[in-house]
Each structure stands twice: as structure tokens, then as C-alpha cells.
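Working notes, structure below.
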Amino acid sequence: MRRVNFAAAIALAFALVAQAGPASAQKSSDTLRIVFRDAVPNVDPYYNSQRTGLILAHTAWDTLVYRDPETFDLKPLLATEWKLVDDTTLDFTLRQGVKFHDGSPFSADDVVYTINLVSSPDSKVSTPSNYNWIEKAEKTGDYSVRVKLKRPTPAALEFFALVVHIYPKAYREKVGPEGYAKAPVGAGPYKITKLESSASVEFERFDGYYDSPKGKPAIKKLVVRFVTDAATELTELLSQRADWIWNLNPDQFDNVNKVPFLQAVRQESMRIGYLSMDAAGRTGPENPLTNLKVRQAIWHAIDRQAIADKLVTGGSRVPLAPCFPTQFGCDGEAAVKYDYNPAKAKALLAEAGFPNGFEVELVTYVLPQWAASAQSYLQAVGIKAKISQLQVAAAIQRAQKGENPLYFASWGSYSVNDVSAILPNYFAGGNEDYSRDPELIKLVQEGGSTNDPAARKKAYAKAIKRVTEQAYWMPMPTYVTTYGFSKTLSFKPYPDELPRFFLAKWN
Amino acid sequence: MVRFILRRAALGLLVALTVMTLAFMLTRLSGDLAISIAGPGATQEDIEIIRKAYGLDQPLYIQFASWISRALVGDLGNSYFFKDSVSNLIAARMPITMTLGLVGLGLALLVSIPLGTLAAMREGTWVDRAVTVVTMIGQATPSFWFGLILMITFGLTLGWLPISGTGSWQHFVMPGIVLAMTATPALTRLTRSGMIEAIASDYIRTARAKGLTRRSIIFKHALRNAAIPVVSIAAVQLGFMLGGSIVVETVFALHGVGFLAWESIAKNDFPVVQAVVLVLATIYICLTMLSDILNALLDPRIRST
């Protein structure tokens, strides 16, 4: 008798497990199940510096300006009009009749509150440089705001479109920053209905959403979960418990495409790889990289096109200039071109006094196989590069201290489509500037200190010529983002690496 | 006995202090917090603003002293990434880790006691050797790999169990099994040796002479005595499992204390890492002390050591 009961218990357990099955199936319940690896501890847009955080921010919050992902054109979002009054004054006219998710109306008070809060140095925002060009915001009417800038900022509107999400003043003041982080409210196409910090976020289409260029979302619910392990994440997709993942290993790309109910797509992103060389002698004045011929030899030694085609794959390109090709001011024509020519590289090394090459440290956090391929190309012309493969933060820390002779890293420009989001970082005398070239510093500053497009283009073209002529900082292949998702889903990726779930729909 | 307990408690306190110092030093050695808060694209200006805002520009010994003095009165500080106090973060996640630990320990005991008993009863035979081989394989299998194999089998191919996350008891089955696997070998060996010793002892011979049934001898007399060290070691194993659940929680995306630790290490969120290490160490120290006291109560010889 006892034995029979035991068998029954086991059978019951299996029945219960079987019943659990996959959680609410995607299309039928109009719920898109998204899995990210990078958990976001705080979804308040200003208190994380994560790409995943930025994606969630654009889902639940709106900015003043919308950047069309296809054309990069700026369109009205929470602001209907804007005008550059002078080099450091921007006037915004705000949209009327907009509501936040809690039903409260949007007005100039919310904009002034947000801008003044995040541009203040005591705000402890995660990325102060996204806002520290703002002096202050003033209310000039119920639906008009004047923003004073500390200095001419040509990419100001790009920043307003990408990283200035508007808080509801009354609600945030009422609940405080901690309360806000636990139950955030925005004015975006989706509202956050459930939040478990760094575990999951649930969204529901906001029915009170205004007629915006982002459009009314087609999918009713989004469930975002954070699964750190890449293999687990992929298993979730394969078992149809997740509908959308990204940044899957390129090696899995073809396999995912073979699964009947899944599709994998690739999209080149605005992130570019680069090899920075210590021309300024920050790691030591005797450093061979201070020699122009040595740097030119390195440009000739590495077959970047082959790395793009064979290793990165999926439409990766090698930028001619030290910036992403669509960025304003990124004039590839101005760049001095170097072909892949190992013989010439060897000759240049010999001329520079290193006929037998030399040893150098190559610091990196990029995929090991990319760094290894650069290492083999260098080895072929006699340069023995010792790879120090580090975590991102550790590598950046060393870079900023001036400790990286050769540094293979990447830069995504925060998806800002203007070279002022990349060139000043590396050539304006800052901590990651390994050229420290006064002429170049002057040119980069010149390009960023005016709003006149022609003058900016001219200064940046000269800067690009100087960088490439002096072979300071070599652009490596652009990054390609991989996406894997259900075939029942219609989803389009864009180069700015901001998946827009509010534009996705079921097939 | 009181002196023994006091001595143990003092030792425990010293261990806790050592752990606190090590946790503080290791987290500082592992990277610059200001840079990691600022994220990969930050300028030096950003980093300096953040360094000042969070008091990271103060000398290390001042940071250490202020942390220790606050930790001693139960204030573990605030996370740099979560908008929350570390105590809240840990309290919110502890139930998941505890559930996982207890499920793992329960499963481990459920497997290891019968297995160890079986091996002891068939000492020296192929059954005994088979048990040894199985436990050795269990010990040698990396838990992340075993976790994936389970996921593929029961989550993907058979579709019986959810793959990751929490939300129902089914979510704890696979992680529980993986965690149990790490504790099973030690517990099995302990049961086996305890049983072998017990079976060879005089009181068992007496029991046999009394004509008791084999079942009654094994379960009522031998196992009861052999199980005492197993239970006390099981308490220590629970401490191990709470610490060891970092890998399991990460693989199965269970958002417990282990996952919090992993996430905080990756982001250099020092206050959280330090606190998790301290809390887990404290639990471990308490469990070890409990097991020592238990043993001392049962065996007076231990008290004098």
C-alpha cells in the first residue's frame, strides 16, 4: 500500500511539472519576452551608465527631441519646436496635452526640474559628461523653456534626443529618488508595471500616449528578464521561453538561423574598434611607438579588412577616418590611406632603426581572437606584442593613467551622430589622448566650439588628416551586433544599438 | 562548557574581523570604483566628480575605519548602483538563497545517507566501489556545466522544467540538484565511514546477539549513531552551499545573494561585495560554532581541545 502511494506522489509531481510548461506564450498573449544579460540595478535613466539601461529608458521615458533611427533626422517629441537663439542659448516650445503614466500633465516645470537636477554636479548622475555642458534651464512660459549652455555644443540636440529623459517633477519630488527608482514614471510609449531590481522589468503599452513619432506600440506587454549567463540565455530562446535576445555569440549565428522558429540578424553598429599607440611617450620616452615610421609600419602591418571580413563578419567595415562614417564631420576623404603591405611595414621598421622589430605590450578588452589576430599580424613583421587581456574597467583605468603602449579597445560614441562624441576623447589632451599633439588639440577644439557647420567640417577634416598622417590612432573594424528572435516577431535593428520595441510588431 | 563556548565565540569574532579586512582590501585592489560607476565612456572629469561625490578620494584607512565602525552597529552602508541600502538588498534576496541552500542540502542528505549506508553495508564489494566512483564523478563535475546539461535535458528537450529565474517551486529543482551534487560526495563518505565504524562496534554486536532484525540494527542503532557527525557536518555544508551558490545562481539567473555578489563584483560595487562576504562568513562561522558545540555536547573529549 505504502509503495503505491509513493508511486502516485511521483506521478503527481511530474504532472505538475509538465503543467508548468513554458510561461505564457508570446504572440497569443501579446507579450514580448525579452532577455538581456546585463542586469540593470537602477532603471532610473540617469543612474546607470549601461546600454541596457538606455534601451529601457527610451521604452518608458520620452525626451524632448526624437532622432529618426533611419535618417538620423531630428523630429519633435516632447518639444514641438526648438531654436538656437545664440551659440549658448536654446529655446524649446513644449507639446501640450501630454500626460505622464500617473496621469499628471506634462509642462515646462518638469523639463526645468529634470535639466537643472541632472546638470548639477551634486546630482551624482552616472555620466556627468552627458550633461555638464548645460548651464541651466529656465521656465519662460507654461510650455516654453530656455536652456543656457556653458559653451557652444554642436551636438546638444543629439544629447537632448538620446540621454535627456524627462522626469515628472511632482511625482518624483513626492516619492524621492529611492521611491522613484522602485516605481518609476515617465511619459514614454510603455509604462513600467512591475519592477524587480536587476531581475525583471514588466512594461505595458501606455494607452494615454500622445501622437508621437515613436508611434503607438503594436505589442501590448513587454517582459524583460536579466539572465547573466550567455548559454542559459540562448537555451531560453531555443526553448521558446524567450522571444528576443541580442549580442549572441557570432559563432551561434548560423545555428540560430537553422532553428525553424527563430531568426538571427546582424546589424553594423556605431561602435568602432581602435588601436591606440603611445606616440606621446606616456609609457616611457624611449618607447619605439614615439617614432612616426614605427607607427606607420603598424598601420601597414595589420590587414584590417581581413579582420572585418573573416573575424567580425556580418558587414563590418574598416573606417578610413578615426570616427564612424555617418557621424557629422567624419570625412573619410581627408584621411591618409594605408594599404595592407607587410613588406613596406618591415622596410619602415628597418628605416626607424628596428630591423629586428621590438617587444611591446598590447593591452585590450576586446574579444581575445581579435587581439590575437592583431598580434599575429604584428609578429609577421617582427613586432612581438605581448597581450594583456583585461576586464573593460581595468583596461580603461590603465589607459587613463597612461600605461597602455598599444591599446586595442572600442568606442560607441553614445550613438551620437557627430564626431564631437569621439574625437575630443582621444585627441583633445584628455586622459585617453596618447598623441598629445598641440596642433591636433587645437583643431579638435576649434571644431567643437562653433555651431557653423562649414567651419566645423573644415576643422575636423584637418584634424582627421593630422591623425592619419601621424598614424596616431588606427581605426579597427566596426562592430556588428547580432540579434536572435522569434520568427513571429517583426523587429528591425538600427546602427545606434537602441532596440526599439515600441516599433516591433507580430507578423 | 561555558569556557569552551566563549573560546569558540572569540575565535569566531577574530575570523569575522579577518574576513572584513580581507574583503575590504581585496575589493580595493580589484579596480577603481569611480571608473566603474562612470562606465566605459566616461571622461576624467566625470570620474573626478564621482570620486568626490562618493567620498572615494579619502585615504583608505579612513574609508576602512568608517566602514568597520558602521558595520559593527549593523549599518552596512548603501550600494553605489542600487538606490537602496545594502541591508535591504541582502534581506530581499536572502530567502531565495536560503531556499536554494535548504533544497540543495535536503537533496544531498536524501541521496548521501542511503548511498553511504549502502556502501558501508556492502563494504569492499562492487557496490561500495560503484558508490565511490559516483561520488567522485559528482565531486569532479563543474557545477556550471552540470547545470547546462540539466537545462538542455529537462528544460529544452523534455520541456519539464523552467530554465532560469524564480517564480515557482519548479524553478528550484534543477539549481537544487546542482547544488546538492557539490555536497553529496563529502556527506556520502562521512556516512559510509561512520556506518562502517558503527557496524564494527560492540553495541551492534550486542544487538545482533539479541537477535534483532537486520533492518532494526542498521536503521535504529547504527545509522542513528553514524548520523550525528553527518548532521553536524551538514550544518557546515549549508554554509558552504550559501557561498557556493554564486555559480549556481548566476547560471540559473536566480536573483539571490549569490547573484547579487556576482553582479556587484562585476561592477565593483564594494559596499555590497563586502557586506555579502561578511554576512555569508558570519552565517558560516555561526553554523561551524553550532556544529562544534553540538559535537562537544555529544563528545566530552572535544571540550578540552
Side-chain angles (χ1 to χ4, degrees), chain A residues 14 16-18 20-23 35 39 41-42 44 47-50 121-124 126-130 132 177-178 180-182 196-200 225-229 231-233 235-236 238-239 241-242 365 391-394 396-397 400 409-414 424-425 430-432, chain B residues 30-32 35-47 49-50 52-54 79-85 89 92 144 147-148 151-152 154-171 173 249-255 259-260 262-264 266-269:
Chain A
F14 276 118
L16 282 173
V17 172
V35 174
N42 187 350
D44 185 326
Y47 294 94
N48 68 70
S49 52
Q50 297 163 268
D122 335 306
S123 62
K124 290 195 185 177
S126 299
T127 321
S129 62
N130 276 350
N132 65 4
E178 285 80 16
Y180 190 75
K182 283 174 186 148
E196 273 181 68
S197 149
S198 86
S200 63
R225 284 209 303 129
F226 302 114
V227 172
T228 306
D229 189 82
T232 310
E233 185 194 38
T235 316
E236 291 279 5
L238 292 175
S239 67
R241 287 180 167 99
Y365 57 77
Q391 292 288 320
V392 181
I396 292 172
Q397 194 175 343
Q400 294 182 338
S410 76
W411 184 250
S413 300
Y414 289 110
N425 231 48
N431 276 322
E432 293 209 36
Chain B
S30 66
D32 189 327
I35 290 179
S36 85
I37 293 178
T43 62
Q44 188 60 24
E45 203 185 343
D46 290 353
I47 292 164
I49 294 170
I50 285 168
K52 272 223 168 59
Y54 287 92
S79 158
Y80 292 129
F81 290 89
F82 294 86
K83 270 264 173 281
D84 213 341
S85 77
L89 289 174
F144 69 89
L148 282 176
M151 250 181 232
I152 290 166
F154 296 102
L156 187 59
T157 314
L158 298 170
W160 289 351
L161 290 166
I163 289 164
S164 68
T166 43
S168 68
W169 63 268
Q170 288 98 332
H171 284 95
V173 175
E249 285 183 21
T250 307
V251 170
F252 287 96
L254 294 174
H255 296 265
F259 188 84
L260 179 69
W262 191 92
E263 206 189 343
S264 309
K267 293 193 163 73
N268 281 359
D269 197 351

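In what follows, chains are A, B, ... by sequence order, proteins preceding strands, each numbered from 1. Note that the coordinates shown come from a computational prediction; the quantities given were computed from them, not determined experimentally.
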Counting only non-hydrogen atoms closer than 4.5 Å, does [X] touch chain B with its backbone (N, CA, C, O), its side chain (CB onward), both, or neither?
{"X": "Ala39(A)", "result": "both"}
{"X": "Glu196(A)", "result": "neither"}
{"X": "Ser410(A)", "result": "neither"}

Checklist entry - Would you find a donor on one side and an acceptor on the other, under 3.5 Å apart, between the side chain of Glu236(A) and the backbone of Ser164(B)? => result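 At least one qualifying donor-acceptor pair exists.
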Checklist entry - Any donor and acceptor pair, going by atom type alone, linking the side chain of His255(B) with main-chain N or O of Ser197(A) inside 3.5 Å? => result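 Not a single qualifying donor-acceptor pair exists.
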Item to check | Test item: Glu178(A) and Asp84(B) side chains (from C-beta on) under 4.5 Å apart, heavy atoms | outcome: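 The answer is no, as the side chains (C-beta and beyond) never meet within the 4.5 Å cut-off.
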Distance from [X] atom [atom1] to [Y] atom [atom2], nearest 0.5 Å?
{"X": "Ser126(A)", "Y": "Phe81(B)", "atom1": "OG", "atom2": "CZ", "result": "7.5 Å"}
{"X": "Ser239(A)", "Y": "Ile163(B)", "atom1": "OG", "atom2": "CD1", "result": "3.0 Å"}
{"X": "Trp262(B)", "Y": "Asp229(A)", "atom1": "CH2", "atom2": "CG", "result": "8.5 Å"}

Checklist entry - Phe259(B) versus chain A, heavy atoms under 4.5 Å apart: side chain, backbone, both or neither? => result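 Only the side chain of Phe259(B) comes within 4.5 Å of chain A.
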Next on the checklist: Is Leu156(B) close to chain A through its backbone or its side chain, or both, or neither, when contacts mean heavy atoms under 4.5 Å?
Outcome noted: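 For Leu156(B), heavy atoms of backbone and side chain both lie under 4.5 Å from chain A.
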Checklist entry - Just checking, is any N or O donor in the side chain of Glu263(B) or Thr228(A) under 3.5 Å from an acceptor N or O on the other one? => result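 Checked: Glu263(B)/Thr228(A) side chains show no N/O donor-acceptor pair below 3.5 Å.
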